[in-house]
There are 2 protein chains.
Amino acid sequence: MTTEHTAESLAKTLRGAIIRFSRRVRQARPVGDLTFSQLSALTSLQLAGALTPRELADVERVQPPTMTKIVGKLEERGLVARTPHPTDGRQVILAATDEGRAVYASHERARNEWLAVQLDQLSPEERDTLARAAEILQRVARA
Amino acid sequence: MTTEHTAESLAKTLRGAIIRFSRRVRQARPVGDLTFSQLSALTSLQLAGALTPRELADVERVQPPTMTKIVGKLEERGLVARTPHPTDGRQVILAATDEGRAVYASHERARNEWLAVQLDQLSPEERDTLARAAEILQRVARA
DNA sequence: CATGCTCATTAGCTAGGCTAAGTATCGTGA
DNA sequence: TCACGATACTTAGCCTAGCTAATGAGCATG
């Protein structure tokens, strides 16, 4: 059964749900672990293999100076390396280091633990709903 | 058709979708408008009628000092009023002022405009998926 | 009525986001 | 070829949002 949802009331509900959900997930972070934003950037980098700061900023939907900061933190910890672009002296290539990949994998597991436990308690149908919602949200975010 | 979604892979996908979506919605904020957090707090206050700071912090899933700050901003703008608790001198009652309600309504509309337009372009089924996902996310956030 | 708990706030910190401005490099048209 | 506009990244400076720890005020109870 498909209830009628106006775009306006849905917008309000969705915003509320997402801000609270984000905060809840943020709270589940172990101390010393990568932050939400850092982990997201590192994930995007690994999925893509290597990206320029501009490209990474676009993927992550932030402005370039913001990405400079986030990458700076990751670089301090030796998780990401900057290498010069082979032909264009202005650009920089970002890639995860070996340590970055290793730390990523373990932190990712720990980071997801709480969430995975919660999701595991849902029905398969509910998980499916969330998976489809995630796809839709990605699409809307790209607009 | 219901594809199989493991809790782990879903956790990763969901987190990525939500962080990007949040950032995108945040970017759509007109200058001088209420922030994401301020609007969310004001919404919760209006829905509940009146709350103590502690209650509001719980609803919004933040720590009390964080809520003190957010409420402080709203109070500066005359949108929320603090009144003493009738019997317990420690507590405070927070409620939206008349101006708060008026400003809320217009800002809410403006704030949702971008999002509502995006949602309006989705199919009814997709909106339904998002509505059900919002309900699930609320539930998980409460856990 | 003293002591311990709860509520709210203050203080101080970090991260994350933005815009504006600066710097280096590229590419192109005269 | 070289001056100039465009592009890529960073720096500087600002604000919000979040946290923990500590403070102060009021309640409640032995």
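All values below come from the heavy atoms of this structure, side chains included, with hydrogens, waters and symmetry mates left out. So that the names make sense, note that chain A is the first sequence line, chain B the second, and so on, each numbered from 1.
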Between [X] and [Y] (side chain of the first, backbone of the second, donor and acceptor by atom type, cut-off under 3.5 Å), is there such a pair?
X: A:Arg82; Y: A:Val92; answer: no
X: B:Arg20; Y: A:Val59; answer: yes
X: B:Arg23; Y: A:Glu60; answer: yes
X: A:Arg127; Y: B:Ala7; answer: no
X: B:Arg101; Y: B:Ala96; answer: yes
X: B:Ser40; Y: B:Phe36; answer: no

For [N], does either OP1 or OP2 sit under 4.0 Å from a side-chain N or O belonging to [X]?
X: A:Thr68; N: D:dT11; answer: no
X: B:Thr35; N: D:dA17; answer: yes
X: A:Lys69; N: C:dA15; answer: no
X: A:Thr66; N: C:dG17; answer: no

Of all the nucleotides listed ([options]), which has the minimum atom distance to the side chain of [X]?
X: A:Gln38; options: D:dG18, C:dG16, C:dT9; answer: C:dG16
X: A:Arg23; options: D:dG18, D:dC9, C:dA8; answer: D:dG18
X: A:Arg54; options: D:dG13, C:dA8, D:dC9; answer: D:dC9

To the nearest 0.5 Å, what is the distance between CZ on A:Arg90 and NE2 on A:His85?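 Those atoms lie 9.5 Å apart.
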
Can you tell me how far [atom2] of [N] sits from [atom1] of [X], to the nearest Å?
X: A:Gln63; N: D:dT11; atom1: CD; atom2: C1'; answer: 16 Å
X: A:Leu74; N: C:dT14; atom1: CG; atom2: P; answer: 18 Å
X: B:Asp33; N: D:dT16; atom1: CG; atom2: P; answer: 13 Å
X: A:Glu55; N: D:dT7; atom1: CD; atom2: C1'; answer: 13 Å
X: A:Ile19; N: C:dG17; atom1: CD1; atom2: P; answer: 13 Å
X: A:Arg26; N: C:dT14; atom1: CZ; atom2: C1'; answer: 13 Å
X: A:Ile70; N: D:dT10; atom1: CD1; atom2: C1'; answer: 15 Å
X: A:Leu39; N: C:dA15; atom1: CG; atom2: P; answer: 15 Å

A:Leu42-A:Ile93 co-clustered via ILVMFWY side chain contacts under 4.5 Å: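 No.
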
If you measure from the Lys or Arg side-chain nitrogens to the Asp or Glu carboxylate oxygens, is any gap between A:Glu8 and A:Lys12 under 4.0 Å?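 No.
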
Reckon B:Pro64 touches a base, only the sugar-phosphate, or nothing at all at heavy-atom distances under 4.0 Å?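 Base contact.
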
For A:Pro53, report the nucleic acid contact type (base, sugar-phosphate, nothing); a contact means any heavy atom under 4.0 Å.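 A:Pro53: backbone/sugar contact only, no base atoms under 4.0 Å.
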
For DNA chain D, which residues in residues 84-91 of chain B have a heavy atom at a distance below 4.0 Å?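 The stretch gives B:Thr87, B:Asp88, B:Gly89, B:Arg90 as the residues lying under 4.0 Å from the strand, ordered by number.
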
Quantify the bending of the helix from C:dC1-D:dG30 to C:dA30-D:dT1 as the angle between its end axes, each fitted on five pairs, to 10°.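 Computed from the C1' atoms at both ends, the axes differ by 0°.
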
For B:Ile19 and A:Ser37, run side-chain contact (heavy atoms from CB on, under 4.5 Å): C-alpha distance rounded to whole Å, both residues' side-chain angles, the deciding distance at 0.1 Å, then the answer. CA-CA 8 Å; B:Ile19 193 171; A:Ser37 295; 4.2 Å; yes

